[in-house]
Amino acid sequence: MKAASTSERRFWLPVAVSLFAIAWGGNEFTPLLTMYRLDQGFSDVVVDTLLFAYVLGIVPALLLGGPLSDRWGRRALMVPAPLVAIAGSAVLAAGSDHAAVLIGGRLLSGVSLGLAMAVGGSWLTELSRAPFEPGAAPGAGPRRVAMSLTAGFGVGAGVAGVLAEWGPWPSGFPYLFHIAVTVAGFVWLLGVPETRADIPADKRAAPLREDLRIPSVAHRRFWLVVVPLAPWVFGAAASAYAILPALMSERVSSAPIAFSALLCLIALGCGFGIQALGRRIDRPGSARSSITAFGLLIVALPLAAWAAWSLSIPVVILAAAVLGMGYGMALVSGLLEVQRIATPDDLAGLNAVFYSLSYLGFAVPVTMAVASSWLSYPVMFLAGMTLAVMCLALVLLGSRRPRAVKAGPAGVSG
């Protein structure tokens, strides 16, 4: 039988599976927040701090992993990421009674996710164009990255919630299941080729600080279109699957963990589904997809306020769905913008900056939990809508002026 050509091998697929598995590990913790709150007696502030803790692992891994992979290649930084994810799940399974141990596990999960997003995302993007896949559509890489991550976040949350609600060993078995999935993906990942094999020797020998320079960060469009959008990515997601389930825990007391998982699935499923529209909505040189993302958020936040006031299950589900759409559109819009702005030498670095900014959104639940002593959740959600309108105005202003048009690294002009 004739050997498959390079373009037929679909080298991007094992990387997508590893991104899926690592994202699973990053978000499997989320529906279990209700379990830690009800069964372990942790306060809302402690539980939301545990949710945010893995950002402390994500951001350094993003900011260091991305630029270092531009120097040493994608394989060297991405292949260890699933092993770190496995270690994180093992620690979380062993430490359900101790917040400090849970924080350690969350940090490991964050490191693995940071490497996956910055390095794995760049690797998958490069494998989704010539010479590895000459027939790939423009923008296929960023869309595959966004959909792999979103699918992992959603499936991981859904499976973990079901296993914790009705399975054996609620505080441990969900993590063991994730370990098995990640091992399978890791084995497949080992056969993927390097895409940065032609890195010049002088780049490898340059001072380490040179790797941390990301010239594309200075791009005007990055500051006026990408930066105002980025924190809303996970700010919207966290509102749907961390804040709303906590508010509803007494109303769904018969199965609170499963309900939390349901909201995760709804939000991330809607986010996954709307990303398919990103290609049709997005236009190089415009900000159509970013404007669409803010439009969804401006609708979602009053719905979230209504849900927090009424505690109605149908309203909560609707709010989670629209928040999820806002998350999905914001994520794919930001990745497409970054791909067009970055050069081949700092794509991973600029991805890292975008994701670092986006993960600031996970501070929203703990910030709102602390502020709830003075402000109600409906009021805070309405204040968020006002902030979203202000950010939209900035994006409209920033995208109005013409900018230089160049061919992006994936052949997308913008």
Is the side chain of H98 donor-acceptor paired with the backbone N or O of A100 at a distance under 3.5 Å, no angle test? no
Between the side chain of S249 and the main-chain N/O of A246, is any donor-acceptor distance below 3.5 Å? yes
Distance only, no hydrogens: is a donor on one side chain within 3.5 Å (strictly under) of an acceptor on the other, for S171 and Q40? no
Taking only Lys NZ, Arg NE, NH1 and NH2, and the carboxylate oxygens of Asp or Glu, determine whether R143 and D282 approach each other closer than 4.0 Å. no
Inspect the surroundings of CZ in F42 and state if more than 12 heavy atoms from other residues, nucleotides or ligands are less than 6.0 Å away. yes
Would you give the length of the straight line joining atom OG of S18 to atom CE of M78, rounded to the nearest 0.5 angstrom? 5.0 Å
Anything under 30° is parallel, anything over 60° is perpendicular, the rest tilted; go ahead and classify F362 against Y241. tilted
Atom pair CD1 (I257) and CG (D39), whose distance is rounded to the nearest 0.5 Å: 6.0 Å
Any donor-acceptor pair under 3.5 Å linking the side chain of E194 with the backbone of R75? yes
Taking the side chain as everything from C-beta on, heavy atoms only, tell me whether F11 gets closer than 4.5 Å to T195. no
Do Y327 and T150 pair up side chain to side chain, a donor and an acceptor below 3.5 Å, judged on atom types alone? yes
Counting only heavy atoms not in W188 (residues, nucleotides, ligands), do more than 12 fall under 6.0 Å from its CH2? yes
Checking the side chain of S260 only, and the main-chain atoms of P256 only, is there a donor and an acceptor separated by less than 3.5 Å? no
Taking Q275 for the side chain and V332 for the main chain, is one N or O donor matched with an acceptor at less than 3.5 Å? no
